**Student:** 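Right, I'll just put the structure down here and ask away after.
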2 protein chains.
Amino acid sequence: MIEIHLLEQLVAFADCGTLSGAAEKLHISQPALSRSMQRLEEELGVTLFERQRSRLTLNDMGELAVRYARNLLLQENAMIQQIREADRKKRTISVGSCAPVLIPDFVSLLSRLFEGMTISTELTGDPRLPDYLKEGRYQLAILHKKPDEETFYSVPVADEKLFVTLPPVHPLADADGLYLKDLDGQTFLLYSQIGFWDELCRREMPSARFLLQQDMDVLGELVANSAFPAFTTDYVMERSGPVTDRMVIPVLDEEASVTYYCACLKEEKARFRPVFEYFQSTSGSRSRRL
Amino acid sequence: MIEIHLLEQLVAFADCGTLSGAAEKLHISQPALSRSMQRLEEELGVTLFERQRSRLTLNDMGELAVRYARNLLLQENAMIQQIREADRKKRTISVGSCAPVLIPDFVSLLSRLFEGMTISTELTGDPRLPDYLKEGRYQLAILHKKPDEETFYSVPVADEKLFVTLPPVHPLADADGLYLKDLDGQTFLLYSQIGFWDELCRREMPSARFLLQQDMDVLGELVANSAFPAFTTDYVMERSGPVTDRMVIPVLDEEASVTYYCACLKEEKARFRPVFEYFQSTSGSRSRRL
DNA sequence: AGGGTTTACGTCGTACGTAAGTATT
DNA sequence: AATACTTACGTACGACGTAAACCCT
């Protein structure tokens with residue numbers, strides 16, 4: 001049996017070409033390295049070096065051994081990295097969400113239910129989210145449509161309804177309800193991280209222009225101090241308070257009212273049972289709010 | 001960096017299922033193994049075991065680590081074996097010969113010229129001997145035909161001429177010379193290790209029968225005390241003395257007179273120069289005898 | 001109670017560094 | 001003289017074994 005550190009030292013020598021240099025790189029004394037190489041030869045039962053009294057060089061077997069050693073060290077490192085990575089993955093729950101609003105509460109729920117786990121969330125408007133869930137990139141997903149029941153297990157977790165907010169002076173400010181296409185061509189203030197809503201807006205209002213803002217608070221201020229139309233949802237208003245100085249008009253498009261589902265692979269249903277139980281126990285009572 | 005012996009211990013535990021069992025197998029104490037496994041976890045930064053106070057079992061990461069460790073141990077062993085094998089090969093000269101008679105003298109010549117080397121010889125009647133030489137199975141070959149000059153370097157080393165020996169009462173005993181086909185259908189005493197001659201005999205005398213004998217001395221006695229035709233060569237007679245009480249008749253087939261060549265791959269010509277020089281210096285003078 | 005694991009402690013081996021020796025440039 | 005490797009020697013860290021405590025079946 002040959003220990004890894006001997007191979008590491010051999011490779012260091014191969015890289016430096018001299019014992020003293022390699023010893024320095026390895027932070028050991030040069031005689032120690034000299035003895036290590038002797039021991040390596042002894043354990044292999046093979047001479048690896050040409051000894052010219054004052055110069056040590058690898059012979060053919062030495063070169064061969066170095067190639068093998070390099071490979072083995074790479075393998076060893078790969079092993080360590082992959083075990084660590086697998087361990088890290090094992091203790092993090094990765095969540096993909098199509099909508100931003102649910103994320104904070106969902107994370108706090110998961111943290112409570114899976115103590116010690118790292119919760120990693122990703123917001124995406126990508127309609128392939130179910131595919132990613134299937135591929136293992138996420139263990140849980142928040143979707144705005146009920147996914148394929150053959151593959152996934154899912155429960156509804158919340159409803160959300162889209163509203164447009166207009167300054168009172170806006171020509172459409174008196175409407176009881178609006179379709180998105182009625183608003184096409186205008187310029188909107190829009191939160192930049194809106195997940196799947198993005199796709200809906202751009203599809204129904206291809207000529208509209210969007211002023212994107214990353215910071216929710218800043219966006220609120222802009223909305224308060226400008227005449228641009230903007231969006232909000234019942235969910236948002238319930239948590240952040242009503243919008244002031246604006247008319248809040250329901251969006252009538254069918255897709256503007258969504259039910260969010262929490263989904264996982266069927267095989268993982270048992271693992272995430274506490275999550276689903278939580279939503280089943282609260283469903284109806286608070287109209288599916290987290 | 002994780003040392004090999006830790007991985008070996010991990011695998012031993014995986015095989016035994018219990019620390020005490022594995023410790024016994026490894027010839028170390030059980031507490032030592034316990035500490036080793038703790039250190040392994042520490043160095044990986046990952047827990048590998050479920051600890052139920054009185055029972056230690058691998059968890060998922062442990063199983064994964066075991067798989068990687070098994071692989072790495074196999075690789076390490078392969079490395080050691082292959083380095084040793086390469087070293088052994090490096091210090092042995094492997095010779096393939098189509099004829100038995102030259103082998104002893106050739107071995108003694110090589111031993112003299114390449115001190116410290118192991119000489120390994122193999123007698124074969126296989127006509128693919130040049131291919132084997134090309135593939136590296138042999139470094140030198142004794143052939144009965146000059147091989148392809150594109151690939152091989154070769155020099156003639158000896159001549160050999162086939163004779164048939166017949167008891168004086170044999171109907172053909174008075175011939176000055178015979179073709180093999182004249183002898184077809186008879187039963188011969190034959191040395192079993194005759195390399196390429198075998199092929200010639202069976203081709204030219206498809207109906208002949210051969211009584212094979214492995215031991216040269218025993219064969220000689222049988223020849224002396226029976227009436228079966230047998231073969232000899234000038235080379236053999238020169239070294240073992242003439243055959244008594246028998247008529248020694250030249251075989252006239254063209255293939256019954258051969259010149260042996262010593263060959264190596266062109267690239268190896270320099271390495272074996274002393275061998276070729278020896279034959280070039282003695283050629284002619286002693287009619288190419290070793 | 002017995003088998004299995006971990007913790008504690010004392011010992012021995014071994015791998016290291018320092019120092020000296022030898023050879024090469 | 002300087003550089004590079006080996007040999008010699010003393011030391012110190014670490015891995016081991018023994019002993020004991022702990023825990024579960």
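The structure presented is a predicted model; accordingly, all values stated were derived computationally and were not measured. Note that these values count all heavy atoms, side chains included, but never hydrogens, waters or copies made by symmetry.
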**Student:** So A:Ile93 and A:Phe272, do their side chains get closer than 4.5 Å, heavy atoms only?
**Tutor:** yes
**Student:** Extract all donor-acceptor atom pairs below 3.5 Å that involve side chains of residues 4-11 of chain B and protein atoms in other chains or at least two apart in sequence.
**Tutor:**
residue, atom, partner, partner atom, Å
B:His5, ND1, A:Glu3, OE2, 3.2
B:Gln9, OE1, B:Ser36, OG, 2.7

**Student:** What is the separation between atom CD on B:Glu50 and atom P on D:dC23, rounded to the nearest whole Å?
**Tutor:**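 Rounded to whole Å, this separation is 19 Å.
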**Student:** Judged by atom type as modelled, is there a donor-acceptor pair below 3.5 Å linking the side chain of B:Asp87 to the main-chain atoms of A:Met61?
**Tutor:**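 Not confirmed, B:Asp87 side chain does not pair with A:Met61 backbone.
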**Student:** From the 5' end of DNA chain C to its 3' end, which nucleotides mark the outer limits of contact with chain A, defined by a 4.0 Å heavy-atom distance cut-off (strictly under)?
**Tutor:** C:dA15 to C:dT24
**Student:** Using every non-hydrogen atom in the two residues, find where A:Leu72 and B:Met79 come nearest and quote the distance to one decimal.
**Tutor:**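 Shortest heavy-atom separation between A:Leu72 and B:Met79 comes out as CD2-SD, 4.4 Å.
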**Student:** Using a heavy-atom cut-off of under 4.0 Å over every strand shown, decide if B:Gln30 touches base, sugar-phosphate, or nothing.
**Tutor:** base
**Student:** For the helix from C:dA1-D:dT25 to C:dT25-D:dA1, how many degrees between its two end axes (five pairs per end), to the nearest 10°?
**Tutor:**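 The helix from C:dA1-D:dT25 to C:dT25-D:dA1 shows an end-to-end axis angle of 20°.
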**Student:** Between A:Leu133 and A:Leu129, is the side-chain contact (heavy atoms from CB on, under 4.5 Å) condition met? List the steps.
**Tutor:** CA-CA 6 Å; A:Leu133 182 61; A:Leu129 183 48; 5.7 Å; no
**Student:** Identify, with sequence neighbours excluded, every residue that meets side chain to side chain donor-acceptor pair (under 3.5 Å) alongside A:Thr118.
**Tutor:** none
**Student:** Could you check whether any side-chain heavy atom of B:Phe152 comes within less than 4.5 Å of a side-chain heavy atom of B:Leu143, counting everything from C-beta outward?
**Tutor:** no
**Student:** Give the residues of residues 33-43 of chain B touching DNA chain C, defined as any heavy atom closer than 4.0 Å, sorted by residue number.
**Tutor:**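 Residues of residues 33-43 of chain B under 4.0 Å from DNA chain C: B:Ser34, B:Arg35, B:Gln38.
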**Student:** Heavy-atom distance under 4.5 Å between the side chains of B:Pro156 and B:Phe279, does that happen here?
**Tutor:** no
**Student:** Is A:Ser54 near enough to D:dA4 that one of its side-chain N or O atoms lies under 4.0 angstrom from OP1 or OP2?
**Tutor:** no
**Student:** With the side chain counted from C-beta on, respond yes when A:Glu135 and A:Tyr132 share a heavy-atom pair under 4.5 Å apart, and no when they do not.
**Tutor:**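 A:Glu135 reaches A:Tyr132 side chain to side chain.
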**Student:** Is the number of heavy atoms from other residues, nucleotides or ligands within 6.0 Å of CZ (B:Arg128) greater than 12?
**Tutor:**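 Counting neighbours around CZ of B:Arg128, 12 or fewer heavy atoms of other residues, nucleotides or ligands fall under 6.0 Å, so no.
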**Student:** Considering heavy-atom distances to DNA chain C, does A:His27 or A:Arg55 have its closest nucleotide positioned more toward the 5' end?
**Tutor:** A:His27
**Student:** So which of residues 10-26 of chain A are in contact with DNA chain D, with a heavy-atom cut-off of under 4.0 Å?
**Tutor:** A:Thr18, A:Leu19, A:Ser20
**Student:** Using whole Å, what does the distance between atom C1' of nucleotide D:dT6 and atom CD of A:Gln52 come to?
**Tutor:** 15 Å
**Student:** I'd like to check A:Gln75 versus B:Asn71 (side-chain heavy atoms, cut-off strictly below 4.5 Å). Are they in contact?
**Tutor:** yes
**Student:** I want to check something: taking the side chain as every heavy atom from C-beta on, are B:Val155 and B:Gln280 in contact at a cut-off of under 4.5 Å?
**Tutor:**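 Result yes, sub-4.5 Å side-chain heavy-atom pair found.
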**Student:** Are B:Asp105 and B:Arg239 packed together at the side-chain level, in the sense that at least one heavy-atom pair is separated by less than 4.5 angstrom?
**Tutor:**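 A side-chain contact under 4.5 Å exists here.
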